[in-house]
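The structure appears right after this line, and notes come after that.
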Amino acid sequence: MNAPRVEPPVPATSVLVDLRNFTPNLNAAPRAADGTNQFCYFLAEFYATTLEACLLALAPAERSAEAMSVTGTGDGSLVVFLGPRHFANGLLAAHLLTAGLRRCCEGRKDPTGRMPPVAFGVGVESGEVSRVRAGTGVASVNTFIGHCVNVAARIEALTKVIADASVMIGDATVERCADAFCGETFADLRARERSAGLDAARIGVQDRMNEINRELCLTFLDRYTLKGVDEPLPLYRLDGSATRAGVARFERLLRELVNRDEAHLAEVFAYLGLT
């Protein structure tokens, strides 16, 4: 057996993707002539769509490097972005996954006409991860462990119970994007709001927070208590009213998320149907 390896933590963004109604569909699906459960074919398409969307979130030059890791979770995937712009990759992946997985689920073929509907949930959060490896030469494990992986999983679980929030973004990812693209963080703005003596000053800070939310095409949901997290965590969902063709702030955001790479932007626009 090869010696197990644990690598030092590195900055990363975790994206947890889950397929809804997996077990009921698996139980209800008929078998193909070779004995294969026919729902496995859809699951393969779901995996392929997840991988395609997340690869597209990377700059073209990064797609052949180790800038992303994907691990299957049975009825979903754990995607970890590792590059210097991992937070931007994660937020862009959230938009691409929304479009791609929606098409995938809406286009699912039901050979019986009686199978439960399928849907998806996505949780995104940034932080640090450590790579864990172990192998025997004929079998191996290569995965990532970290607080942001656990939080992304907790966030994804919340998408099951919060209306119109199939994709949710954690506070750490939003803070990194706000700092990179808007020059301010919500943490700093909240601190200014607390110290503001005049109502007019507080209102000005709140207006700036709303403006950043709009520029990031996000809607603040609330602070949620998550298992394993010390304090309630601010969570956000994608602003569906913004994420469509002809919305200038969405196009500005996409341009920032691809680091103003016009070729990459054209790929993203085509995938999202914005061209």
Side-chain angles (χ1 to χ4, degrees), residues 1-18 50-51 53-59 61-74 76-94 96-97 121-136 139-159 167-181 184-188 190-191 216 218 223-236 256-257 259:
M1 177 180 290
N2 299 330
R5 292 176 54 193
V6 178
E7 298 179 4
V10 294
T13 293
S14 300
V15 180
L16 203 293
V17 182
D18 182 67
T50 298
L51 182 58
C54 289
L55 277 172
L56 185 56
L58 294 171
E62 292 182 308
R63 294 172 196 166
S64 59
E66 288 196 12
M68 184 182 81
S69 168
V70 182
T71 305
T73 61
S77 300
L78 168 63
V79 181
V80 178
F81 290 103
L82 297 162
R85 288 172 52 82
H86 58 87
F87 54 90
N89 300 146
L91 184 56
L92 179 55
L96 296 168
L97 286 165
V122 178
V124 180
E125 183 59 316
S126 300
E128 291 187 328
V129 297
S130 291
R131 187 191 293 268
V132 177
R133 306 178 193 239
T136 64
S140 64
V141 174
N142 183 355
T143 191
F144 287 88
I145 303 297
H147 182 63
C148 66
V149 175
N150 296 336
V151 174
R154 304 295 183 198
I155 293 172
E156 184 283 316
L158 272 179
T159 68
V167 179
M168 292 172 58
I169 317 296
D171 185 55
T173 301
V174 173
E175 288 289 69
R176 284 163 174 78
C177 290
D179 188 32
F181 307 141
E184 293 181 280
T185 67
F186 286 102
D188 289 342
R190 292 180 193 117
L216 295 179
L218 296 171
R223 292 174 176 266
Y224 290 87
T225 300
L226 304 179
K227 184 177 180 180
V229 181
D230 293 335
E231 296 182 358
L233 190 71
L235 297 180
Y236 303 76
E256 293 296 338
L257 291 176
N259 205 20

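Since we're looking at a predicted model, the values are computed, not measured. Along the sequence shown, residues carry numbers from 1.
- Every side chain to side chain contact (heavy atoms under 4.5 Å, CB included) that Asn89 has, sequence neighbours left out, goes to Leu58, Glu62, Phe81.
- Between Glu66 and Leu82, every side-chain heavy-atom pair lies at or beyond the 4.5 Å cut-off.
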Practice prompt. Check the pair Met68, Leu51 against side-chain contact (heavy atoms from CB on, under 4.5 Å), reporting the backbone distance first and the verdict last.
Written response: CA-CA 10 Å; Met68 184 182 81; Leu51 182 58; 3.8 Å; yes
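- Annotation: side chain of Arg154 is not in contact with side chain of Leu233 (no heavy-atom distance under 4.5 Å).
- In this structure, the side chains of Ser126 and Cys148 stay at 4.5 Å or more apart for every pair of heavy atoms.
- Nearest heavy-atom pair, Ile155 versus Gly170, reported as atom, atom and distance to 0.1 Å: CD1-CA, 3.7 Å.
- Here the side chains of Val10 and Val129 are in contact, with some heavy-atom distance below 4.5 Å.
- Scored by the side-chain hydrogen bond (donor to acceptor under 3.5 Å, both in side chains) test, Thr159 finds Arg20 as partners (sequence neighbours excluded).
- Between Leu97 and Val167, every side-chain heavy-atom pair lies at or beyond the 4.5 Å cut-off.
- Contact check for Leu56 versus Arg63: side-chain heavy atoms found under the 4.5 Å cut-off.
- Contact record, Ser130 with Val6: CB-CG1, 4.4 Å, taken as the closest heavy-atom pair.
- Shown here are the ring-ring contact (aromatic ring centres under 6.0 Å, His included) partners of Phe144, two or more places apart in sequence or in another chain: there are none.
- Contact between Ser14 and Val80 at its shortest, heavy atoms only, is OG-CG2, 4.3 Å.
- Here the side chains of Val124 and Leu91 are not in contact, with every heavy-atom distance at 4.5 Å or above.
- Residues meeting the side-chain hydrogen bond (donor to acceptor under 3.5 Å, both in side chains) test with Glu231, sequence neighbours left out: none.
- We find the CG-CG distance between Leu226 and Asn150 to be 11.0 Å, quoted to the nearest 0.5 Å.
- Every residue two or more places apart in sequence or in another chain that forms a side-chain hydrogen bond (donor to acceptor under 3.5 Å, both in side chains) with Asn142 is listed here: Arg131.
- Closest heavy-atom contact between Pro234 and Arg223: CG-NH1, 3.8 Å.
- In this structure, the side chains of Val229 and Val151 come closer than 4.5 Å at one or more pairs of heavy atoms.
- Under the side-chain hydrogen bond (donor to acceptor under 3.5 Å, both in side chains) criterion, Arg133 pairs with Glu7, sequence neighbours left out.
- Between Pro11 and His86, the closest heavy-atom pair is CB-NE2, 3.6 Å.
- Considering every non-hydrogen atom in both Phe87 and Thr173, the closest pair reads O-CG2, 3.9 Å.
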